[in-house]
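Structure first, commentary second.
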Amino acid sequence: MKIATWNVNSIKARLENAERWLKDFQPDVVCMQEIKCIDENFPSQVFEDLGYNVAVHGQKTYNGVALLSKTPMEDILIGLPGDESDDHARFIEATITTQSAPVRVASLYLPNGNPTDTPKYPYKLGWMDRLITHAEELLKSEEPFVLAGDYNVIPTEDDVWDPGAWWGDALYRQETLDQYRRLTNLGLTDGFRTCHGQSHRYSFWDYQRGAWQKDHGIRIDHLLMSPQAADRLKGADIDRSPRGWERPSDHTPVWVEID
DNA sequence: ATGCCGGGCGAAGCCCGA
């Protein structure tokens with residue numbers, strides 16, 4: 001089965017592109033971020049007509065995440081545990097039923113954190129604390145799971161077109177990388193990086209300054225897999241094509257295939 | 001280094017993203 005993650009930057013603005021990509025690529029599960037609408041305005045019917053079950057954690061104007069799955073979803077978790085006062089819609093998780101073993105899949109939109117001298121940055125680091133705690137809980141089950149989404153983290157210098165220009169940004173600075181390593185060091189596998197050694201493969205290109213045309217991108221959309229999911233990893237890639245379409249999102253889909 | 005782009009909201013111009 002193919003599991004994809006895509007920050008669509010408004011599902012209303014991206015509906016045509018999303019439909020086109022789903023028909024082209026036929027993913028089994030899609031983790032969407034930045035849908036930028038409340039649950040009632042998510043175009044669930046469009047996706048149901050394409051054969052998907054839909055779970056949404058929406059929010060007006062900002063954030064918002066969703067899960068699409070060809071097979072039914074169970075035990076849907078809305079919101080990242082650990083802070084009842086956090087009202088950002090940035091996390092949804094469900095168990096994807098399959099013919100063989102079920103897989104737990106999360107769609108997450110990790111806070112950007114800029115500017116770093118404002119409360120936005122400690123919010124990012126605290127959100128990562130909660131994600132680490134939640135991953136620790138999931139690992140106790142020893143079941144396959146995939147934490148997929150827009151992490152707003154550039155893992156290494158190989159994942160950014162100009163490391164010097166980006167160092168110090170909330171996406172690429174020591175405290176952020178320390179937190180990201182705490183997460184991956186629990187035993188999670190970056191699906192794309194495991195399948196591809198080449199550097200400078202990106203999942204985001206800014207709308208400005210011709211970033212797409214110059215391939216000035218960053219790799220910040222990741223699928224982190226539990227040991228039991230990573231054991232079943234058959235392939236992974238970044239699908240650059242939707243970034244080149246008319247009226248694109250600034251992110252493009254990333255996917256893994258597991259058996 | 002930035003808000004040059006693009007989206008939301010709402011009907012002009014500001015907020016936000018990375």
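Every chain is numbered from 1, with letters handed out A, B, ... down the list of sequences. Bear in mind that the values here come from a model prediction, so they are computed numbers and not experimental data.
- Across all strands shown, A:N114 has heavy atoms under 4.0 Å from base atoms, whether or not it also approaches the sugar-phosphate.
- Rounded to an integer number of Å, the gap from CG of A:D150 to C1' of B:dG17 is 10 Å.
- For A:H196, the ring pair (Phe, Tyr, Trp, His ring centres under 6.0 Å) partners at least two apart in sequence or on another chain are A:F192.
- At the heavy-atom level, A:N7 lies under 4.0 Å from the strands shown only through sugar-phosphate atoms.
- Take the nearest nucleotide of DNA chain B for A:Y207 and for A:D169: the residue whose nucleotide is more 5' is A:Y207.
- By the 6.0 Å and 45° rule, A:R173 does not stack over the aromatic ring of A:W167.
- When distances are taken from the side chain of A:R209 to each of B:dG17, B:dG7, B:dC4, the shortest belongs to B:dC4.
- Nucleotides B:dG3 and B:dC14 place their C1' atoms 12 Å apart, quoted to the nearest Å.
- The gap from the P atom of B:dG10 to that of B:dC5 amounts to 24 Å, rounded to the nearest Å.
- Nucleic acid contact for A:K124: none, since no nucleic acid atom lies under 4.0 Å from a heavy atom of the residue.
- Between the P atom of B:dT2 and the CG atom of A:L171 lies a distance of 15 Å, rounded to the nearest Å.
- If you measure from atom CG of A:D206 to atom C1' of B:dT2, you get 10 Å, rounded to the nearest angstrom.
- Distance from the side chain of A:Y62 is smallest for B:dC16 among the nucleotides B:dC16, B:dG8, B:dG17.
- Spacing between atom CD of A:E34 and atom C1' of B:dC5 amounts to 14 Å, rounded to whole angstrom units.
- Straight-line distance between the C1' atoms of B:dA11 and B:dG17: roughly 22 Å, to the nearest whole Å.
- Taking every side-chain heavy atom of A:N9 into account, B:dG7 is the closest of B:dG17, B:dG3, B:dG7.
- For B:dA1 and B:dG6, the P atoms lie 24 Å apart once the distance is rounded to whole Å.
- Between the OH atom of A:Y172 and the P atom of B:dA1 there is a distance of 14 Å, given to the nearest Å.
- Comparing B:dG7, B:dG3, B:dG10 against the side chain of A:K60 picks out B:dG10 as the nearest.
- Nucleotide B:dG7 holds its C1' atom 15 Å from the CD atom of A:Q59, rounded to whole Å.
- Using a 3.5 Å distance cut-off with no hydrogens or angles, the side chains of A:T252 and A:R240 do not pair a donor with an acceptor.
- Straight-line distance between the P atoms of B:dT2 and B:dG13: roughly 25 Å, to the nearest whole Å.
- Atom CH2 of A:W212 and atom P of B:dG6 are 14 Å apart (whole Å).
- Here, B:dA12 and B:dG8 have their C1' atoms 14 Å apart, quoted to the whole Å.
- The nearest heavy atom of DNA chain B to A:D250 and to A:I11 marks one nucleotide each, and the one closer to the 5' end goes with A:I11.
- Using a 4.5 Å heavy-atom threshold, the side chains of A:W255 and A:W6 count as separate.
- Checking B:dG3, B:dC4, B:dC9 against the side-chain heavy atoms of A:T61 singles out B:dC9 as nearest.
- Counting heavy atoms from C-beta outward, A:I3 and A:D28 have side chains that stay 4.5 Å or more apart.
- OP1 and OP2 of B:dC16 both lie 4.0 Å or more from every side-chain N or O belonging to A:K36.
- Separating the NE2 atom of A:H216 from the P atom of B:dT2 is a distance of 18 Å, rounded to the nearest angstrom.
- Each of A:E143, A:E93, A:E142, A:E74 was evaluated against A:R104; a single residue qualifies, A:E93, per the salt bridge (charged side-chain N to carboxylate O under 4.0 Å, His left out) test.
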